[in-house]
Each structure stands twice: as structure tokens, then as C-alpha cells.
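In what follows, a structure is listed as C-alpha cells, so that the remarks can point back to it.
Computed from a predicted structure; not experimentally measured. We count ligands from 1, going down the list as the structure has it; atoms in each ligand are counted the same way. All values below come from the heavy atoms of this structure, side chains included, with hydrogens, waters and symmetry mates left out.
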Amino acid sequence: MTSIRINDINLAYTDVGAGPPIVLIHGYPFNRSLWTEQTEALNSKYRVVAPDLRGFGESDSSEGTATMARMAEDVAALMDALAIERAVIGGLSMGGYVALAFARMFPARVKALVLADTRAQADSEEGKQTRHQQAEKALSEGMAGIADAMLPKLLTPDTVSKRPELVKRVRDMMLKTKPEGAAAALLGMAERDDQTEFISSIRVPALILVGREDAITPVADSEKMQSRIEGSRLVVIENAGHVSNLEQTEQFNDALLGFLSTV
Ligand code: MLT
């Protein structure tokens, strides 16, 4: 494992390939192995950096709330340590929330954005309450209940019934997540800023990807982002739900590689 002392924690990360850098930020409650297939597809032409966000994978957890801004600062500090001034910043779902926070905080460090299965809006009041309940549940009961409840929302019914290996992979990723890391991120997502106004000011190329059957961040959320981010491109991934990069790797990678060749 490669890790580095960043801010107050040890942060684990992957850094492979050579060429223009792209940073890939995983969603909740996953880890950097979410990006294995993208890392493999990109690293012959690009330098791919994928951190385990604080509290996830092999990175340390921190006390309290892991805000999106804090995670964005971790990404910036990792880029500093790796001598990467500017990169394509990509994120899936919570990774997209972090990518948007990063773009707002460090605009000069963003060459282009990849926003996968994510949204610009903040949580509703009800959504925030649910996050708090989930955080308590994670801490008191562990990740199994959360994983079982999330699975049918993450994958299409077709994937759930026909691709047991993928179902197991996604479930195992969630089960490996430390409850305190999950809880900290849930509280962080609950208090994240609404980026709806901010995204209208984005002036770098942006690729928006979403699974046609995404039940967590539906296509409509991506359409809203696309209508606000000038010149952005939206690709809807067919036969995919929320983890569209895993469910339809080829479609996802083709869109990503096509986009990267233009930026
Ligand atoms: C994720 O996949 O990162 C989360 O489902 C996002 C969310 O809960 O808003």
C-alpha cells in the first residue's frame, strides 16, 4: 500500500501511469478500488491518481465530521505531495461532491471535470435527517445493514439478478468500510453546500456521466448540471444504475477516454 501523511491522517492512494494527470475520487461507502477498471484503461496514456478518502479503504479515519471541503483539501494536499499542480478531477457520487468542492476551492488546479452519478444540489432537510440516522446506525450496528439496504439502489435489478460477482464486489467494498469513516462522511454529506449556483461559473471542460437507471442520483440531476455548466457534455450509460463505471465499464471508459482526448 502507498500512503502519505496528509493533514491529520495517513492517506492511501494509487498513483500509476505517466502523462497528463487525472485524479479519480470514489463515492460512499466505497474506496479507490472502485476505479480499478478505469485506472487500467487510462494508465498507458495518463497518470492516474486515486485516493482513499479519509475514513475509507486503507486511509485513516478522523474524528467528527468529514466535510466535502476537508476531503477536497486532502486531495489538494495529495496533489501537492505528488507535485501535480493541475489535473482532470473526476468523482463518482460523493466523489463528485468532493470534486465540486475542489473546483470551488481550487479552480486554478482543475483542468477539466468528470462528474459521474452525482448532483449539484445539497440534501433536503429530510435527507439530512436520514444521514444522521444512518451515521448512528453505522456506529451502533456496523456496515452490513447499510450495505444490504443500499445494494438494490446502487445496481440495476438486472445486475443484481445476473451478476453475482459484481454484487459481491460492491457489497464487500461497503463491508470493508470503517463505520466511523462512513459516519463521518454521512455527516459531511449532510452539511455539504448547494453547488447549483456555483456550477454556472465553471469554465473548464466537463463530462457528466450517469447510469440510465441511477436510483440515487437520477438522470434528471445530471441534466440539471449539464444545463448549467457551459459547454458540458452529458453521456447517459445504458443498462447501468448508480455505479455506472462498474456496471457498464466499456461504455463508461469509452466516454471517459473520448473526453480526455479532447482536453
Ligand atoms: C455515493 O454513492 O457516494 C452516495 O450514495 C451519495 C449519496 O448518498 O448522496
Side-chain angles (χ1 to χ4, degrees), residues 24-35 38 50-57 59 65-72 74-75 89-102 114-138 143 145-156 159 166-167 169-179 181-196 208-211 213-222 224-225 237 240-247 252:
L24 294 174
I25 309 171
H26 65 80
Y28 163 91
F30 307 132
N31 59 56
R32 69 191 198 276
S33 72
L34 178 76
W35 298 116
Q38 285 65 49
D52 277 341
L53 293 171
R54 62 173 56 225
F56 293 89
S59 290
T65 302
T67 62
M68 303 301 103
R70 188 67 169 141
M71 293 186 189
D74 291 341
V75 171
I89 306 291
L92 184 135
S93 199
M94 180 181 76
Y97 309 156
V98 175
L100 288 176
F102 185 99
V114 178
L115 300 167
D117 299 282
T118 192
R119 59 158 79 88
Q121 307 96 283
D123 283 354
S124 63
E125 281 313 310
E126 196 191 336
K128 286 181 196 186
Q129 277 178 21
T130 307
R131 300 267 196 217
H132 283 263
Q133 287 158 6
Q134 293 285 305
E136 279 169 29
K137 191 175 156 78
M143 294 304 289
I146 291 185
D148 289 338
M150 275 188 90
L151 260 178
K153 296 188 213 150
L154 295 170
L155 303 165
T156 66
T159 301
L166 183 53
V167 174
R169 174 172 165 191
V170 172
R171 187 162 192 273
D172 285 350
M173 248 195 304
M174 295 195 276
L175 293 181
K176 271 196 211 149
T177 298
K178 296 177 270 296
L186 283 161
L187 300 180
M189 285 193 279
E191 64 175 60
R192 75 185 189 279
D193 292 330
D194 192 300
Q195 307 286 18
T196 309
I208 300 164
L209 297 150
V210 63
E213 297 169 58
D214 188 334
I216 295 182
T217 48
V219 172
D221 289 341
S222 284
K224 275 186 208 148
M225 290 195 291
I237 311 284
H242 188 60
V243 280
S244 59
N245 67 317
L246 292 184
E247 281 186 285
F252 191 101

Got more than 12 heavy atoms from elsewhere within 6.0 Å of NZ, Lys176?
no
Heavy-atom nearest pair, Met174 first then Ala147, reads CE-O, 3.6 Å
Interfacing atoms of ligand 1 (cut-off 4.0 Å, heavy-atom, [X]):
X	value
Met150	5 (O)
Gly27	3 (O)
Arg131	7 (C), 8 (O), 9 (O)
His242	1 (C), 2 (O), 5 (O)

Residue-level breakdown please: for Gln134 versus ligand 1, do any non-hydrogen atoms fall below 4.0 Å on the side chain, on the backbone, on both, or on neither?
neither
Compute the shortest N/O to N/O distance between Met94 and ligand 1 and return yes if it is under 3.5 Å, no if not.
yes
Any chance the side chains of Thr156 and Glu213 put a donor and an acceptor closer than 3.5 Å?
no
Side-chain (Arg131) to main-chain (Lys128) donor-acceptor, under 3.5 angstrom
no
Protein heavy-atom partner closest to atom 4 (C) of ligand 1 - residue, atom, separation in Å
Ser93 OG, 3.3 Å
Any idea which protein heavy atom is nearest atom 9 (O) of ligand 1, and the distance to it?
Tyr97 OH, 2.5 Å
Below 30° counts as parallel, above 60° as perpendicular, anything between as tilted: where do the rings of Phe252 and Trp35 land?
tilted
Take every heavy atom of His26, measure it against each atom of ligand 1, and state whether any distance is under 4.0 Å.
no
Could you tell me if any non-hydrogen atom of Lys153 lies under 4.0 Å from any atom of ligand 1?
no
Side chain to side chain contact (heavy atoms under 4.5 Å, CB included) partners of Glu136, counting only residues at least two apart
none
Checking side chain to side chain contact (heavy atoms under 4.5 Å, CB included) against Val210, which of Asp117, Leu115, Asp221 comes through?
Asp117
